[in-house]
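Okay, structure first, notes after.
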Number of protein chains: 2
Amino acid sequence: MQARDVSGGPVACGCANPGAQLILEVAVELFSEKGYNATSMSEVARRAGISKANVFHHFGSKHDLYLEVIREACRDSREALHQGRDSGQTVVQQLSAFLHHHLDTLLRRDRVSRLVVREVLDSTPEGGKELAEQVFFDGFTELVEIVREGQQQGEFRSDMDPALLAHMIISISLFYFQSRNVLRHFPPVDFADEPQRFVEMACDLLFHGCLKAGDPDNKAAVGNRPACRTMSKETPE
Amino acid sequence: MQARDVSGGPVACGCANPGAQLILEVAVELFSEKGYNATSMSEVARRAGISKANVFHHFGSKHDLYLEVIREACRDSREALHQGRDSGQTVVQQLSAFLHHHLDTLLRRDRVSRLVVREVLDSTPEGGKELAEQVFFDGFTELVEIVREGQQQGEFRSDMDPALLAHMIISISLFYFQSRNVLRHFPPVDFADEPQRFVEMACDLLFHGCLKAGDPDNKAAVGNRPACRTMSKETPE
DNA sequence: TAGCTCGCTGACCGATCGGTCAGTCGGAAA
DNA sequence: TTTCCGACTGACCGATCGGTCAGCGAGCTA
C-alpha cells in the first residue's frame, strides 16, 4: 500500500508511450480522488476507454501503477517546494515568495497534492525515508538555507533553529491546504477562501516572531517563564 | 466513504452492550490502521473472535460501523482540543499549555488521530461542515477566545486576526504529528523525537511574533514591504 | 413446561476484485 | 510475401468483498 521505491525507472515501459501516458493520467486522477484501495483497475481501464488487460499490459500490477503515479505526483510536489531563489531579494521577501508559491501550487494541483499528503500521513517510520529523500529533501534543505542566510545577515534571530522555522513555514501552507474544507465552516475564520491574504497575514505573524525585533530579554522559552513578563503595556482597546 | 452524520445516536444498539463494545474497539484499531476500504468486515470479525454475521447483527452495515468509529474518534479528538482553562495563568502560558496538551494527545492516541486527520483531508467541501461542527468547533472557538482575551489584556497585538493565530497553533502541532515519520530523516532536523522541546521552541517563535514586542512601525504586511525595513542590526555571528 | 426473545453461528449469495491467457491485428523488418 | 513484434482485446480465473438467512441455544416470562 505504501510506496517503497519512489526513485526507480518505469516499470514496464517508458512514459513516452502515448497509451501508457493516458493510463497514467487517468490513474493519477483516480488514485488522488479515492485512494489506493478504493480505486479499481477496471475503473482505470473504463475511464481510459481501453480494456483492463491493456492496463496490465503496460503496468505489471496495480501496485506498479500506483508507484508510477506516486513518482509523477512527487515530481510535481518537488517542483512545488523548489523555487528559484532571487538573490536580489531580502530573505524575508524570499520566504514570503516561497510561501506564496508553495500554497499556490498546492491549491492548483489539488488532487495530486492530496495524494502526496496522504502518502506522508500513512508513511511508516521506516517508509518515510524514501519520501524524505526523493520528494522533500531538496525543497526543505533550500528553505533551511534561506533561513540560515537570514541569520547570518542579521535579519533573523540567531538563537533559533533554522529547521524549526522551515518546518513551520511548510506546516502553515500545508495545513491551510488540508483544512480548508473544514475551516470554511468556522464563523470566526474569514480567510478560508483568500489564500493570498492568508499567506500575507501568516507571514506577518511568523516573521515578527523570528525577526530580531523583540525586546532582548525575551529569549527564554515561554514554558519556563514565571509570569507575564515585563512588557510595556500598550493601549488595550 | 465519508462521514455524513457524526452526531446521531447508536445505529443498531447501545454501546453499553459488551459484545458491540469489543467490535467497536477492534474496528477503531483496524480503520485507523488501514483506512475504510482496506478494512474488511471479515477481518473485524476475525480479530474480535466472532462471526462476521455477528458484526452485522450489531452494526447494520460497514458504513454504520465506520460512523460509530468516527464518533468515538471524534469524541477523543474533541477532548484533545478542549482543555480546561486556568484563569490564574497568563494568556501566553495558556496557549503554551494548550499546544503541549494538544500535541501530547495526538501522539498518545496516534492511530485514532490519524483516522480523524484522514477524515479531514478527505472531507468534501460540503462534508467538512459536520466535522467542523461536531468535532473541532468547541476547541477552536475556545482557542480563538484565549487569543482574543490576550488582545484585550494587551499581551497580543491588536492588529491581528485571532482566528489566524488559532489556526497556526493547531497547524503547528498537527503537522508535526503528521510529518514526524518523514521529518526524522532530514539531517538538519533534530527535534523529530522531542515533541516537548519542539513545542517550546515553536511557542517561542510563534509568540514573539504575536506579542506586542516589535518596533511599532512594523505592522504592514510583509509582502508589501519595499525592502528590508529599518532595523537595528545586532551582532551577527 | 411452553413460548418468546435475542445474541450468535455457518453456509451461502451476487458482485467485484486483481490478475491471466489465448488470440487478433497492424505495421516494421526480413 | 512472410515473419515477427507489440499493442490490444474479451473471456475467464480464484479469491474476497459486503451482506443475508435459517436456525441454534441460553435465559426470561407466563
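By convention in this document, chain letters (A, B, ...) are assigned in the order of the sequence lines, proteins followed by strands, and residues within each chain are numbered from 1. Just so it is clear, the values below take in all heavy atoms, side chains as well, and ignore hydrogens, waters and symmetry mates. Everything numeric here is computed off the predicted structure, so don't read it as measured data.
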**Item:** A:Ser42 side chain near C:dC17 phosphate (N/O to OP1/OP2, under 4.0 Å)
**Value:** yes

**Request:** Decide yes or no for B:Leu65 and B:Met41: does some side-chain heavy atom of the first lie under 4.5 Å from some side-chain heavy atom of the second?
**Result:** yes

**Prompt:** Taking CZ from A:Phe59 and P from D:dC8, how many angstroms apart are they, rounded to a whole number?
**Reply:** 11 Å

**Request:** Report yes or no: is the cationic atom of A:Arg114 (NZ for Lys, CZ for Arg) closer than 6.0 Å to the six-membered ring centre of A:Phe177, at no more than 45° off its axis?
**Result:** yes

**Item:** Euclidean distance, A:Leu121 CG relative to B:Leu121 CG, rounded to 0.5 Å
**Value:** 7.0 Å

**Request:** Report yes if a donor N or O on one partner sits less than 3.5 Å from an acceptor N or O on the other, where the partners are the side chain of B:Lys52 and the base of D:dG18; otherwise report no.
**Result:** yes

**Complete:** Against the side chain of B:His57, the closest entry in D:dT9, D:dG19, C:dG7 is C:dG7

**Asked** How long is the line joining CD1 of B:Ile23 and P of D:dG18, in whole Å?
**Response** 14 Å

**d(CG, B:Asn37; P, D:dG18) in whole Å** = 9 Å

**Message:** I need the NE2-P distance between B:His63 and D:dG19, as an integer number of Å.
**Reply:** 10 Å

**Item:** Protein-nucleotide distance (B:Phe56, atom CZ; C:dC13, atom P), rounded to Å
**Value:** 17 Å

**Prompt:** Tell me: CZ of B:Arg46 to P of C:dG10, nearest whole Å?
**Reply:** 14 Å

**Request:** Cation-pi check, A:Lys62 to A:Phe56: give yes when NZ or CZ is under 6.0 Å from the six-membered ring centre and within 45° of the ring axis, no otherwise.
**Result:** no

**Item:** Closest-nucleotide ordering on DNA chain C, the 5'-leading residue of A:Ala53 and A:Lys62
**Value:** A:Lys62

**Message:** Can you measure B:Ile50 atom CD1 to C:dG10 atom C1' for me and round it to whole angstrom units?
**Reply:** 14 Å

**Prompt:** B:Asn54 CG to C:dA11 P: how many Å, rounded?
**Reply:** 16 Å

**Message:** Under 4.0 Å, counting only non-hydrogen atoms across every strand here, what does B:Ser40 touch: a base, just sugar-phosphate, or nothing?
**Reply:** sugar-phosphate

